[in-house]
K.L.:
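Below are the structure tokens for one structure; questions will follow.
Numbered from 1 within each chain, the chains take letters A, B, ... in sequence-line order.
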Amino acid sequence: MCEHYSPKEIEKKWQKIWDEEKAFAAGRDKSKPKFYALVEFPYPSGQGLHVGHPRPYTALDVIARKRRMEGYNVLYPMGWDAFGLPTENYAIKNKIHPTIVTKNNIERFKQQLKSLGYSFDWDREIATTDPNYYKWTQWIFLQFFKKGLAYKAEMPINWCTSCKVGLANEEVVGGVCERCGSEVVRKVKSQWMLKITAYADRLIDDLELVNYIEKVKVSQINWIGRSVGAEVEFAIAGKEDSLRIFTTRPDTMFGATYMVISPEHPLIDKYKDEIKNYDELIAYREQAAKKSDFERAELAKDKTGVQIDGLTAINPATGKEIPIWISDYVLMSYGTGAIMAVPAHDERDWEFAKKFNLPIVEVVAGGNVDEAAYTATDSGKLVNSGFLNGLEVEQAKEKMVEWLEQKGIGRKKVNYKLRDWVFSRQRYWGEPIPIVHCEKCGYVPIPEEELPLMLPDVESYEPTETGESPLAKISDWVETTCPKCGGKAYRETDTMPNWAGSSWYYMRYIDPHNDKAFADKEELDYWLPVDWYNGGMEHTTLHLLYSRFWHKFLYDLGLVSTPEPYMKRTSHGMILGENGEKMSKSRGNVVNPDDIVNEYGADTLRTYEMFIGAFDLHAAWSSEGVRGCRRFLDRVWKLKDMLADDENYSKALEIKMHQTIKKVSSDYESMKYNTAIAAMMGLVNEFYKAGSVTRGELKTLLLLLNPVAPHITEELWELIGGQGRIYQQSWPVYDESKTVEDTVEIAIQINGKVKASMAIALDEKQESVQTRALELDSIKAVVASKTIVKVIYVPNKILNIVVK
RNA sequence: GCAGUCGUGGCGGAAUUGGCAUACGCGCUAGACUAAGGAUCUAGUCCGGGUUAAACUGGGUACGGGUUCAAGUCCCGUCGACUGCACCA
């Protein structure tokens, strides 16, 4: 028995067997506890799999395989997020139908994923582009529409002046079109919107129900950007009119010495005739509009603005007349597009006031407002503030809001940075929006029994000159009848964004072939929520937020029973090129997983990607490192030639065995795969040192290694005559009492410096340890001429003798 | 600019509650095996002094300070890297 380890044969063999045995099919035995592991499904691009893909897939494959061995009914599915721009662009360029392109790409991806031996339940494979799938994406959209959460609004799109095409944000690079390099401007278009803002509070508050890694929670909260404050009407002097502002600091209202409105604010045109410097204001507005977002940010430090000549406002707190300015640091898109400026307690207002010499009035004591704005809210009492004087900031806020409400000129108000979701794309390769526009009845949903509304074939996938979707050119598809009145109507020609299909795919995996519902309620109740979801940080604020929103909406309709879709969310770091830079074709540092599988085998690739470093941090590829992992598997392979026929652990390694089981088990759970593998390497080194390994020891090692390297362990299991398949075995258990030696080596320090080490009995008392330590030659010599001040003893760790 | 994460050998990276810094892997060096090379096995490998070899000894976790019997770990400051946000009232 000494044939060579040949992953090529072994891996194909076991992949075939697992397939035939349906080894990883979920849902057979519902009396078992369930475990739903999920990884973000890939976009099947033309380039095929990238070495970045296997990192998260392997990580959760390890968890899924371990859970099965622990007796869970495990669902670990895979599918394709297949709508998307690259496919469409490829189709345009090569004149191939996107359906064909997608089919080919999926085939390639699937074959590559299969070659890596993942324990996906392939019977549940789904693709967002499959009409049987997008039927239900459209169905869910109709529910949004029926509840008034899908609506039409005029929204700007990115418009390339040269290509005459609407661009996705990702296609606009540095303010110019990614493809032709010409200027991109904003063009207003009527678009479908989803009212995600209606769920803003719950999307924040319900984060308490789930176990997401901290940085994911923080970025979701920041993205939603909830701030609590007040809305206040400032009367315009000499008019019946008022200017509405939003502030988070109503307590500082006595310090509001001027106002600022955004350059686009409608007030300017409303009082055009009374404003003496109207031309100057318009010039400023045009200048501001020309600035790209980038420039606006660059100039952030230097405030600009123009005072409106001819209009002033009244500060309702002081009753004083104050000037109104326009400036581009106030955004029309947030709050009301107007602010009260309190230069003493807001940094931007302070800078602006300094530049234009506007009065700064301190209303919260504690800082030096001549030097800088004092923005602290947790210390300092109100001053110069009439009825608020002497109050703390928080009390003053409440009192001011109370006062405003009594006067009827203000109220408590919550604002969000989160905007409603623009749900239209002027593209071909997406789900058609199942709505028709009837001149008489307005927007009418198509009847649910007519779903799916299929994408029609077109000659060309290029968007039109006017920015309409290519669907607009197919008049016999566009022209239809109104489902309500039977009159003439037109179909919506925009399609959905690629975030649509991915917002609910985890539910379709649960019941992928259902044609009566998006999934059966009983099945949903059994499997939901997803127990562990891993994905990239780049999806935290879009995909993750969107799908939580859809889930909550379906929860409100009673269609799912859990308020949150995902119980636990973790995130992986990127795999960088060998030079430490992001892998890309142009940098020439791309590693193809197929090459690694061919040269070393899938088990080596899997092991290496788990060993490469901390899972949540970026890691640079190293071909030397890959070889090291292959060497490790070779060493494991050869253990079968060192086998001693004994089902038990050897006396010498018993403790090491129990320690390793404990370490590997807990490291997998906390995604510290690198140290788990290091522990197994250490164990293998021990076997080599001993010159032999018992059958019991080898079996345990194989079980521990199986989730990471499933093929080689399955093969060895068979070779050494293990019962059944290794995937059917139970996860090894350890005995806590056998993880500790009965003697331990401790360090003896003098003044914190290690001077000697000594073996002691486990939990030996300080007195006896100290006596013996003081008898050691190296200690005696030092201590003799000094006096002992203090002795610190940490049981089983260290003895520190402090001398003078 | 703000927020977050981080900074450990030649390299990737380990280090529960503060308790023997550098586990594991790569690379390198030497030896064994070999006709030879590769592969493999064994030993060594933080830096410096010291020694035939050891013993022994000084320094050491970006930099400067602090707390502590004891700091990679905690606190303050500085520098650098990465990520996210970018005037959000």
K.L.:
Considering only the C1' atoms, how many Å lie between B:rU8 and B:rC85, rounded to the nearest integer?
P.N.:
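It comes out at 31 Å once rounded to the nearest Å.
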
K.L.:
Salt bridge check, A:Asp634 against A:Lys638: does any charged N sit closer than 4.0 Å to a carboxylate O?
P.N.:
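Between A:Asp634 and A:Lys638 there is no salt bridge, as every charged N stays at least 4.0 Å from the carboxylate O atoms.
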
K.L.:
Sticking with atom P, work out how far B:rA21 lies from B:rU73, rounded to a whole angstrom.
P.N.:
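It works out to 14 Å between them.
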
K.L.:
For a quick check of understanding: with a heavy-atom distance under 4.0 Å over all strands, which category does A:Gly682 fall into, base, sugar-phosphate or nothing?
P.N.:
nothing

K.L.:
Determine: side-chain N/O of A:Arg249 to OP1/OP2 of B:rC88, distance under 4.0 Å, yes or no.
P.N.:
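Checking A:Arg249 against B:rC88: no side-chain N or O falls below 4.0 Å of OP1 or OP2.
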
K.L.:
Calculate the interatomic distance between A:Leu683 atom CG and B:rG25 atom P; express it in whole Å.
P.N.:
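Atom CG in A:Leu683 sits about 12 Å away from atom P in B:rG25.
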
K.L.:
When both hydrogen-bonding distances must be under 3.5 Å and the geometry is Watson-Crick or G-U wobble, what is B:rU22 paired with, if anything?
P.N.:
none

K.L.:
Run the salt-bridge test on A:Glu40 and A:Arg55 with the 4.0 Å N-O cut-off and return the result as yes or no.
P.N.:
no

K.L.:
May I ask which nucleotide in the shown strands pairs with B:rU29, Watson-Crick or G-U wobble, both distances under 3.5 Å?
P.N.:
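B:rA43 - that is the nucleotide pairing with B:rU29, both distances being under 3.5 Å.
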
K.L.:
Does A:Gln749 reach a base, just sugar-phosphate, or nothing at all? Heavy atoms under 4.0 Å.
P.N.:
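The answer is base, as A:Gln749 lies within the cut-off (heavy atoms under 4.0 Å) of a base atom.
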
K.L.:
Quick one: is B:rC88 close enough that its OP1 or OP2 comes under 4.0 Å of any side-chain N or O from A:Arg348?
P.N.:
yes

K.L.:
Any side-chain N or O of A:Thr540 less than 4.0 Å from the OP1 or OP2 oxygen of B:rG84?
P.N.:
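Checking B:rG84 against A:Thr540, no side-chain N or O comes under 4.0 Å of OP1 or OP2.
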
K.L.:
Should A:Thr197 and A:Asp420 be marked as a side-chain hydrogen bond (donor to acceptor under 3.5 Å, both in side chains) after you check the CA-CA gap, both sets of side-chain angles, and the distance that decides it?
P.N.:
CA-CA 6 Å; A:Thr197 51; A:Asp420 276 342; 2.7 Å; yes

K.L.:
Looking at B:rG84, which nucleotide sits across from it as a Watson-Crick or G-U wobble partner, both distances under 3.5 angstrom, or is there none?
P.N.:
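Pairing partner: B:rC2.
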
K.L.:
Answer with base, sugar-phosphate or nothing: what part of the nucleic acid does A:Lys217 contact at a heavy-atom distance below 4.0 Å?
P.N.:
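The answer is nothing, as A:Lys217 stays clear of every strand by at least 4.0 Å.
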
K.L.:
Distance criterion of 3.5 Å, no angle test: do you see the side chain of A:Lys797 paired donor-to-acceptor with the base of B:rC20?
P.N.:
no

K.L.:
Between A:Tyr258 and A:Phe352, is the ring centre distance below 6.0 Å?
P.N.:
yes

K.L.:
When the distance from CZ of A:Arg419 to C1' of B:rC85 is rounded to whole Å, what number comes out?
P.N.:
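Atom-to-atom, A:Arg419 to B:rC85, this comes out as 15 Å.
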
K.L.:
If we call it a pair only when both distances are under 3.5 Å in a Watson-Crick or G-U wobble match, what pairs with B:rA35?
P.N.:
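B:rA35 is paired with nothing.
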
K.L.:
Can you tell whether the side chains of A:Glu351 and A:Arg348 come within less than 4.0 Å, N to carboxylate O?
P.N.:
no

K.L.:
Below 4.0 angstrom from OP1 or OP2 of B:rC26, is there any side-chain N or O of A:Arg627?
P.N.:
no

K.L.:
At less than 4.0 Å, is any side-chain N or O atom of A:Asn674 found next to OP1 or OP2 of B:rA14? Yes or no.
P.N.:
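A:Asn674 to B:rA14 OP1/OP2: side-chain N or O found under 4.0 Å.
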
K.L.:
Test side-chain hydrogen bond (donor to acceptor under 3.5 Å, both in side chains) on A:Glu264 and A:Ser262 and set out the steps.
P.N.:
CA-CA 5 Å; A:Glu264 300 86 22; A:Ser262 137; 2.8 Å; yes

K.L.:
In whole angstrom, what separates A:Glu351's CD from B:rG1's P?
P.N.:
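My rounded result for the distance is 13 Å.
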
K.L.:
Are OP1 or OP2 of B:rC88 and a side-chain N or O of A:Arg226 less than 4.0 angstrom apart?
P.N.:
no

K.L.:
Taking atom P in both B:rU45 and B:rA53, what distance in whole Å separates the two?
P.N.:
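Roughly 15 Å separates the two P atoms.
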
K.L.:
Would you mind classifying the nucleic acid contact of A:Ala679 as base, sugar-phosphate or nothing, using non-hydrogen atoms under 4.0 angstrom?
P.N.:
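No contact at all - A:Ala679 keeps every heavy atom at 4.0 Å or more from the nucleic acid.
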
K.L.:
Within the pair A:Lys663 and B:rA14, is there a side-chain N or O less than 4.0 Å away from OP1 or OP2?
P.N.:
no

K.L.:
Taking B:rA39 as the reference, what is the distance to B:rU34 when you measure between their C1' atoms (whole Å, please)?
P.N.:
11 Å

K.L.:
Can you tell me whether the base of B:rG37 sits syn or anti, using the 90° cut around 0 to define syn?
P.N.:
anti

K.L.:
Can you tell me how far C1' in B:rA71 sits from the matching atom in B:rU17, rounded to whole Å?
P.N.:
14 Å

K.L.:
To the nearest angstrom, how far is A:Tyr329 atom OH from B:rC88 atom C1'?
P.N.:
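Going from OH in A:Tyr329 over to C1' in B:rC88 covers 12 Å.
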
K.L.:
Within this structure, what is the CE-to-P distance between A:Met758 and B:rG19, rounded to whole angstrom?
P.N.:
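Nearest whole value for this atom pair: 20 Å.
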
K.L.:
Starting at CD1 of A:Ile213 and ending at C1' of B:rU83, how long is that distance when rounded to a whole Å?
P.N.:
13 Å

K.L.:
Contact class for A:Val802 vs. all strands (heavy atom < 4.0 Å): base, sugar-phosphate, or nothing?
P.N.:
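Answer is sugar-phosphate: A:Val802 comes under 4.0 Å of backbone atoms only.
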
K.L.:
Pick the C1' atom in B:rA86 and in B:rC76, then give their distance to the nearest Å.
P.N.:
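That atom pair is separated by 29 Å.
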
K.L.:
Whole angstroms only, please: what is the CD1-P distance between A:Ile788 and B:rC69?
P.N.:
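Atom-to-atom, A:Ile788 to B:rC69, this comes out as 17 Å.
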
K.L.:
Let me know the distance between CZ of A:Phe611 and P of B:rG25, rounded to the nearest Å.
P.N.:
7 Å

K.L.:
Closer than 4.0 Å, any side-chain N/O of A:Asn222 to the OP1 or OP2 of B:rA86?
P.N.:
no

K.L.:
Does A:Lys790 have a side-chain nitrogen or oxygen under 4.0 Å from the phosphate oxygens OP1 or OP2 of B:rC69?
P.N.:
yes

